[in-house]
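Report on the structure given below.
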Amino acid sequence: MSLIGNRLNGSIPKELGNISTLQTLTVEDNMMLGIIQEELGNLSSIEKFRLGGNNFSGKIPDFIRQWRSLVSFVGTWELDKSCT
């Protein structure tokens, strides 16, 4: 699923975590912000997760390390001071 440069705002909908066959999620170059919802950890088939060019905050979710199919991750974050 590619949603590059669509001026989307808000957070990534947690309901996308229900699409267990999703292999690519690209939301680069939008106006998205907030944290990455825990429900996205259910994306067991994800290979490419691309979030650059947004304003996500918080810590990078631990569940990303458990995605065994992931080959590409691009993201920009405003990290919490407690996470550095």
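What you see below is based on every heavy atom in this structure, not just the backbone, and it leaves out hydrogens, waters and symmetry mates.
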Give me each pair satisfying salt bridge (charged side-chain N to carboxylate O under 4.0 Å, His left out) with a member in residues 34-46, each pair once, sequence neighbours excluded. none

Output side-chain donor-acceptor pairs under 3.5 Å for residues 19-29, partner residues at least two apart or in another chain, one line each.
none

Separation of [Y] [atom2] from [X] [atom1] (nearest 0.5 Å):
X     : Y     : atom1 : atom2 : result
Gln37 : Asn42 : CD    : CG    : 12.0 Å
Ile46 : Met1  : CD1   : CE    : 9.5 Å
Phe56 : Ile35 : CZ    : CD1   : 11.0 Å
Phe73 : Lys48 : CZ    : NZ    : 15.0 Å
Ile64 : Leu43 : CD1   : CG    : 10.0 Å

Quick check: Trp67 with Phe49 (ring centres under 6.0 Å apart)? yes

Identify every side-chain donor-acceptor pair in residues 6-13 under 3.5 Å, counting partners at least two apart or on other chains, and give the distances.
unit_1: Asn6; atom_1: ND2; unit_2: Leu3; atom_2: O; d: 3.2
unit_1: Asn6; atom_1: ND2; unit_2: Ile4; atom_2: O; d: 3.3

Minimum heavy-atom separation for Asn54 to Met32, with atom names? OD1-N, 3.0 Å

